[in-house]
Protein chains: 2
Amino acid sequence: MATLSDIAKKAAVSKMTVSRVINHPEKVSAELRKLVLTAMRELNYVPNYAARALVKNRTQVIKLLILEEMDTTEPYYMNLLSGIAIELDKHHYALQLVTRNSRAIGNCDGLIITGMRAGDYDEIIDQMDRPFILFGQNDRGYDYVDVDNEEGTELTTKHLIHLGFKRILFFGIDLKEPFMLARAAGYKKTMSASGLGPELFFMKNSSHVAQEEAAKQLTGRCPKTAVVCASDRIAIGVVRAGLALGLHIPDEAAITGFDGVFLDRISCPKITTIRQPIIEMGKVCARRLLQKIHQGGDKIGNLTFEPELIIRESTIKKPNLH
Amino acid sequence: MATLSDIAKKAAVSKMTVSRVINHPEKVSAELRKLVLTAMRELNYVPNYAARALVKNRTQVIKLLILEEMDTTEPYYMNLLSGIAIELDKHHYALQLVTRNSRAIGNCDGLIITGMRAGDYDEIIDQMDRPFILFGQNDRGYDYVDVDNEEGTELTTKHLIHLGFKRILFFGIDLKEPFMLARAAGYKKTMSASGLGPELFFMKNSSHVAQEEAAKQLTGRCPKTAVVCASDRIAIGVVRAGLALGLHIPDEAAITGFDGVFLDRISCPKITTIRQPIIEMGKVCARRLLQKIHQGGDKIGNLTFEPELIIRESTIKKPNLH
DNA sequence: TTATCACATGTTATCGGTAACAACATTTCA
DNA sequence: TGAAATGTTGTTACCGATAACATGTGATAA
């Protein structure tokens, strides 16, 4: 492995000039710069990040703190993880996965935090002494990255209204967190705007629980019912309930989900959903955190992704495949 | 952050003695050792891994090289990834995710390689100049970690025979790779041993393709047919085909999968499968690679995990839930 | 012409560790 | 008893980079 000194020797300059070419190229004359760059290319130079970290008093480690109790098999977090990992990697930062308990182990340059609940702010987040970004909207003024949750359910609700449904239910997760309140708000707002009466139900984020609840709500009564679900997991349960009741999907019952991470595609029929580009969001989150670190930890602002409506067989017979 | 020098000052010894207490405690007198350890505790000492990496000429980076074209949303790889990440993290190694194209970017101390196909050995794996471990069995004599694929399909096939099925098909993936051949072999061997005629079909690892193929094979003919599938993805397709044909599962058609990573649980009915403890396997893989690196890269041998049969509704009406 | 300044480049010290060797004390054994 | 072996601790140099400062050059202005 070639080092700074090797390049310096080859280009007949000092180590410092080589270092400058890398970090402050404008401070080196064009002539020497070219010499050095050529030498670097010829010797296939790769900087030693450990050395740089040492002298800059950095760890080159970013922690991903997942506060929610999570199932490691959950594709949602796996996608987030890989998005972050890919981006950090590009900038030669390492990712350390930590939880509530292990969060203090080892040093780091910054954190990405997700899965926070109301109680976590006082206890954990307010106490942070490093730059961080929250993955998920919050109303405490902390920098975050999220999808526009309210617009997401607006899109699905409007879609169902367009299809002619009059009875449209909302199946949410029983958490009073900003993302959930926003999804419920998007639904309520759209229903009111169309003069329809909202009916909201809240439950655990589980397909089985949702299936039971849906079985009750879809029985008899109205021949055409649609359900706006706050997650694909819940939507899967509702689809199953519909099939079990012998309802024709999407004519007698239409269902929309939220997330668009894997689950939507393995259901049968496939689920119309709001796609959150989690991998991309993870990348952006990492990128913004690094930027925040490099600018000394100053506030960097929020980033809200536009939600994307993916139409599938749970609402339309032959959707345009893409 | 306290450093070696801080500890040394506090304990009134030299830096070197502190370093020895950490790396070669037997070379330091019990008296001084205690002094140093106390100082370390009091100052809450955490070693600087960048500095150590620098002086030991290590990168503290392990690459995970995935040769197979992969869907990043695939829970299988996500589990592997997180298993490896958790273990590496414990030893303060960073994980870098690379593919065929990006594999040469950046330096590393070792690699975990997976998804290799026959052609990859000459081109890539034989040329490696760092210690590595393959995730997945191979017949080239390279160290690997895998589940016992042959025994896996033996277990599922025997299970179906026990249930009284006489016509038992095998749905495999159309790859002539060791893991696939082993899964086919486990099936064939068990069928022969019971005097039953094997029928093998090979296809793309896709639930839709499997559904089409199963639709053909499950129609008419035999009132009771079972299918041993080489992946849960294929099994999901077969289950759907069975339901579409109006067959009663598990009486008229029974299906087993392979992998036990998420997919098996979201199917309805849930799928009897061979569980591969991927997260645990990833951890072990990382642990063995580090061991291999520390012992200078010498061969370390293979590790084969025992497969575990998980019985669910696709083969038994009311399985014992656990 | 010469003091001053800006700019380009080199020198030195340093980050936090560890290896190699030196120095000293203590045993061991002829 | 004293030379050699052994064990414990300290000194020095170095890993590969960068910051801070020092030096040297030519241009500019008084």
Side-chain angles (χ1 to χ4, degrees), chain A residues 1-40 43-61 91-94 106-109 293-294 296, chain B residues 1-40 43-61 91-94 106-109 293-294 296:
Chain A
M1 272 294 147
T3 71
L4 265 198
S5 300
D6 300 335
I7 311 289
K9 222 171 286 169
K10 177 126 192 167
V13 297
S14 73
K15 277 169 44 167
M16 210 45 226
T17 301
V18 180
S19 173
R20 280 199 194 94
V21 169
I22 297 168
N23 298 293
H24 313 281
E26 77 286 355
K27 293 193 171 175
V28 178
S29 65
E31 197 182 10
L32 282 193
R33 202 185 313 149
K34 214 165 72 182
L35 259 174
V36 169
L37 288 173
T38 312
M40 278 174 43
L43 295 182
N44 197 10
Y45 174 71
V46 179
N48 182 319
Y49 297 95
R52 188 179 287 171
L54 179 59
V55 73
K56 292 225 178 172
N57 195 22
R58 288 259 178 75
T59 61
Q60 300 290 115
V61 170
H91 301 277
H92 294 274
Y93 274 80
N107 208 342
C108 69
D109 295 340
I293 291 171
H294 293 307
Chain B
M1 271 293 147
T3 70
L4 264 198
S5 301
D6 299 335
I7 310 290
K9 221 170 286 169
K10 177 126 192 167
V13 298
S14 73
K15 275 169 43 166
M16 209 46 226
T17 301
V18 180
S19 174
R20 279 198 195 95
V21 168
I22 297 168
N23 298 292
H24 314 280
E26 76 286 356
K27 294 192 171 175
V28 177
S29 65
E31 199 181 10
L32 282 193
R33 203 186 312 149
K34 214 164 72 183
L35 258 174
V36 169
L37 288 173
T38 312
M40 279 173 42
L43 295 182
N44 196 9
Y45 174 71
V46 180
N48 182 318
Y49 295 95
R52 188 180 286 171
L54 179 59
V55 73
K56 292 228 177 170
N57 196 23
R58 288 260 179 74
T59 61
Q60 298 291 115
V61 169
H91 301 276
H92 295 273
Y93 274 79
N107 209 342
C108 69
D109 296 338
I293 290 171
H294 292 307

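All values below were derived from every heavy atom in this structure, side-chain atoms included, with hydrogens, water molecules and symmetry-related copies excluded. In what follows, every chain begins at residue 1, and chains take the letters A, B, ... in the order their sequences are listed.
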Novice: Ignoring hydrogens and geometry, is there a side-chain-to-backbone donor-acceptor pair from A:Arg20 to A:Lys27 under 3.5 Å?
Specialist: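 No, the answer is negative, given that no donor and acceptor are paired below the 3.5 Å cut-off.
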Novice: Let me know the distance between NZ of B:Lys27 and P of C:dC21, rounded to the nearest Å.
Specialist: 13 Å
Novice: With a 4.5 Å heavy-atom cut-off, do B:Met40 and B:Ile22 have their side chains touching?
Specialist: yes
Novice: With sequence neighbours excluded, what pairs up with B:His294 under the side-chain hydrogen bond (donor to acceptor under 3.5 Å, both in side chains) test?
Specialist: none
Novice: Does B:Val46 form a side chain to side chain contact (heavy atoms under 4.5 Å, CB included) with A:Asn107? I'd like the steps, not just the answer.
Specialist: CA-CA 8 Å; B:Val46 180; A:Asn107 208 342; 5.7 Å; no
Novice: B:Glu26 has an atom CD; how far is it from atom C1' of D:dT6, in whole Å?
Specialist: 15 Å
Novice: So which heavy atom on B:Lys15 is nearest to which on B:Ala8, and how close?
Specialist: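 Closest approach of B:Lys15 to B:Ala8: N-CB, 3.7 Å.
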Novice: Kindly say whether A:Asp109 contributes a backbone atom to a donor-acceptor pair with the side chain of A:Arg58 at under 3.5 angstrom?
Specialist: no
Novice: Expressed in angstrom and rounded to an integer, what is the separation of B:Gln60 atom CD from C:dG16 atom C1'?
Specialist: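 The answer, rounded to whole Å, is 14 Å.
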Novice: Please report, rounded to the nearest Å, how far the P atom of C:dG16 is from the CZ atom of A:Arg58.
Specialist: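 Roughly 15 Å, once rounded to whole Å.
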Novice: Strictly under 4.0 angstrom, non-hydrogen atoms only: write out the protein contact profile of nucleotides 10-21 of chain D, one letter per nucleotide from the 5' end, B, S or -.
Specialist: BB---BBBBBB-
